[in-house]
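A single structure is presented below for examination.
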Amino acid sequence: FMYSIGADNVLKKSDTKTGKVVKKVTLSEKNNAKFTKILKSVSHPFLLLGDEDGNVIVLDSETLLLKNTIKKIHSGDAINDIFHFAKRSVYKFISLGQTTLAYWDSRESNETDLSIPDDDVNSKRKVFLSDDQEDEILCGAFVDPEDGETLICGMGEGLLTVWRPKKNNLADQLTRIKVCKGESIDCIISTLQDDNCVWCGCSNGNVYRVDVKIGKVVEIRKHSKLDEVSFMDLDYEYRLVSGGMGKVKIWEFTGDNLEEDGEFSHESTSDSHSTGSSDEDESESESESESESESESES
């Protein structure tokens with residue numbers, strides 16, 4: 001099944017084999033907050049949705065009935081990202097909002113007296129909040145989701161922050177890695193092939209492979225000259241999939257070829273509708289005609 005939600009706050013569950021909507025529900029909020037993030041548990045039947053007011057609701061993924069609500073996790077700021085804290089528990093999750101990181105239990109409600117100090121509220125709510133990072137935290141991922149030793153977060157000013165739960169229980173970052181000054185890091189995913197590396201998608205249209213152990217960018221790929229990279233995933237062969245507003249690319253590894261300036265050259269790619277395009281064709285593909293765009297959409 002596939003789950004989707006739009007600006008109308010209507011959540012739909014669709015059958016991916018037929019494309020038909022099999023169940024839908026309107027998630028009415030008192031303040032009509034829009035939802036900014038949706039996540040399906042890979043091991044249990046629940047669905048988590050974060051909204052622009054910092055709330056997370058937990059639904060039964062089979063019936064779409066409400067199971068729990070965790071309110072105002074990031075002091076009313078929008079939920080930028082949610083991901084599983086599997087090392088701690090199947091019910092533990094991490095959320096990112098504005099300038100803080102939080103982790104919490106999806107089974108525990110936080111209906112408390114909001115008149116008491118924030119620190120006491122968070123303690124009673126079982127919501128553990130990090131120190132203020134003074135830069136917006138946009139995305140995050142564990143370098144190795146199974147061991148949960150190292151967490152990487154993408155920041156609004158082009159930095160990666162490194163967190164280690166065992167060091168300080170995620171109270172604060174431990175170090176930073178420079179990736180792309182003046183650009184935001186909008187999405188992160190582990191390579192799942194190298195214990196030390198993650199992929200970062202940025203607002204400048206580039207995808208960076210970063211070795212967290214040595215704290216350096218080791219490869220750069222150009223997704224687009226005009227579009228930011230807002231989504232990444234891995235296919236069944238661990239090939240990188242990058243996406244933006246205009247296109248989706250599946251990247252084929254062809255080897256690490258250094259350019260004269262010491263950076264890695266762009267790898268060849270396959271667009272979602274073809275099998276042989278490369279970055280040499282980038283300028284041509286950016287100026288496709290309207291008819292070609294329609295053909296691409298159809299295929």
Side-chain angles (χ1 to χ4, degrees), residues 39-43 81-88 90 93-94 96 138-155 158-166 173-180 183 185-202 204-224 228-244 247-259 262-272 274-279 282:
L39 177 70
K40 168 70 172 65
S41 170
V42 297
S43 58
D81 203 357
I82 305 173
F83 49 96
H84 198 192
F85 199 176
K87 184 63 176 179
R88 292 281 174 95
V90 295
F93 290 86
I94 290 175
L96 308 175
L138 299 174
C139 55
F142 283 98
V143 177
D144 185 340
E146 292 187 0
D147 70 24
E149 296 287 339
T150 305
L151 171 65
I152 305 296
C153 291
M155 313 299 285
L159 298 171
L160 286 184
T161 52
V162 182
W163 308 64
R164 299 188 190 276
K166 289 185 178 180
Q173 60 174 282
L174 296 180
T175 186
R176 297 185 174 197
I177 302 171
K178 296 180 180 178
V179 178
C180 49
E183 302 288 345
I185 300 177
D186 298 325
C187 50
I188 296 179
I189 190 171
S190 171
T191 64
L192 295 182
Q193 290 183 299
D194 187 326
D195 292 339
N196 301 317
C197 290
V198 294
W199 292 111
C200 304
C202 298
N204 60 4
N206 286 344
V207 176
Y208 299 85
R209 183 161 64 95
V210 180
D211 189 315
V212 177
K213 186 175 182 179
I214 64 175
K216 295 177 67 175
V217 173
V218 294
E219 184 179 353
I220 304 174
R221 301 182 180 189
K222 173 65 72 174
H223 171 83
S224 173
E228 63 186 21
V229 181
S230 56
F231 167 83
M232 290 189 301
D233 208 338
L234 301 175
D235 74 356
Y236 68 102
E237 292 183 340
Y238 298 97
R239 295 181 300 182
L240 176 67
V241 180
S242 60
K247 66 178 67 175
V248 173
K249 286 186 175 181
I250 302 174
W251 296 83
E252 191 72 54
F253 180 75
T254 59
D256 294 338
N257 298 317
L258 286 168
E259 295 180 340
E263 297 290 354
F264 284 88
S265 62
H266 305 148
E267 305 293 339
S268 63
T269 68
S270 296
D271 286 333
S272 58
S274 65
T275 58
S277 64
S278 69
D279 279 322
E282 185 68 26

Exercise. How would you list, by chain and number, every residue that makes a side-chain hydrogen bond (donor to acceptor under 3.5 Å, both in side chains) with D211, sequence neighbours excluded?
Worked result: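 Per chain and number, D211 pairs via side-chain hydrogen bond (donor to acceptor under 3.5 Å, both in side chains) with no residue.
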
What distance separates L151 CG from Q173 CD, expressed to the nearest 0.5 Å?
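Separation between the atoms: 11.0 Å.
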
- Nearest-0.5 Å distance that lies between atom CD1 in I220 and atom CG in N204: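 With rounding to 0.5 Å, CD1 (I220) is 9.0 Å from CG (N204).
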
Over 12 non-hydrogen atoms of neighbours within 6.0 angstrom of NZ in K40: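 Yes, enclosed.
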
side-chain hydrogen bond (donor to acceptor under 3.5 Å, both in side chains) with R88: which residues, sequence neighbours excluded?
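Partners of R88 by the side-chain hydrogen bond (donor to acceptor under 3.5 Å, both in side chains) criterion, ordered by chain and then number, come out as Y103, N169.
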
- prompt: How about V143 and I152: do any of their side-chain heavy atoms sit closer than 4.5 Å?
  reply: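 In contact.
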
H84 NE2 to S43 OG distance, which is reported to the nearest 0.5 Å: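 Reported to 0.5 Å precision, the distance equals 5.5 Å.
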
Minimum heavy-atom distance W163-C153, with the two atoms named
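Where W163 meets C153 most closely, the heavy atoms are NE1-SG, 3.6 Å.
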
> Does one side chain, of R176 or T161, offer a donor that lies under 3.5 Å from an acceptor on the other?
Replying inline: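 No - no donor-acceptor pair under 3.5 Å links their side chains.
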
**Prompt:** What is the distance from atom CD of E237 to atom CD of E252, rounded to the nearest 0.5 Å?
**Reply:**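 It is 7.0 Å, given to the nearest 0.5 Å.
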
Item to complete: Measure the spacing between OH of Y238 and CG of L192 and express it to the nearest 0.5 Å.
Response: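 So the gap between those two atoms works out to 6.5 Å.
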
Looking at every non-hydrogen atom in both residues, tell me the closest pair between P145 and A86 and how far apart they are.
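In terms of heavy atoms, the two residues are closest at O-CB, 4.3 Å.
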
**Asked** Looking only at atom types and distance, does a side-chain atom of H223 sit under 3.5 Å from a main-chain N or O of E228, one as donor and one as acceptor?
**Response**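 It does not hold such a pair.
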
Would you please name every residue forming a side-chain hydrogen bond (donor to acceptor under 3.5 Å, both in side chains) with S41, sequence neighbours left out?
->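 side-chain hydrogen bond (donor to acceptor under 3.5 Å, both in side chains) list for S41, sorted by chain: empty.
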
- So, for L234 and L240, which heavy atoms are closest and what is the spacing to 0.1 Å?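 That would be CD2-CA, 4.1 Å.
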
I189 and D233: which non-hydrogen atoms are nearest, and at how many Å?
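The pair with the smallest heavy-atom distance is CD1-CA, 3.5 Å.
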
Q: To the nearest 0.5 Å, tell me how far I177 CD1 sits from M155 CE.
A: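 Taking CD1 in I177 and CE in M155, the distance rounds to 12.5 Å.
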
Looking only at heavy atoms, what is the nearest atom pair of W251 and S242, with distance?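 For W251 versus S242, the nearest heavy atoms are NE1-OG, 2.9 Å.
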
Legend entry - Passing option when L160 is tested against V217, V212, T175, I185 for side chain to side chain contact (heavy atoms under 4.5 Å, CB included):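 Of V217, V212, T175, I185, side chain to side chain contact (heavy atoms under 4.5 Å, CB included) with L160 is met by I185 alone.
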
Where is the tightest heavy-atom contact between V229 and M232, given as atom of each residue plus distance?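 Of all heavy-atom pairs spanning V229 and M232, the closest is CG1-CG, 4.0 Å.
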
Margin query: Other residues, nucleotides and ligands only: do more than 12 of their heavy atoms fall within 6.0 Å of CD on E146?
Written below: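 Open.
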
Is a side-chain N or O of D81 found less than 3.5 angstrom from the main chain of G140, in a donor-acceptor match?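 Present.
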
task = Describe, in one word, how the ring planes of F83 and F142 are oriented to each other, choosing from parallel (under 30°), tilted (30 to 60°) and perpendicular (over 60°).
result =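 Taking F142 first and then F83, their aromatic rings stand perpendicular (interplane angle over 60°).
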
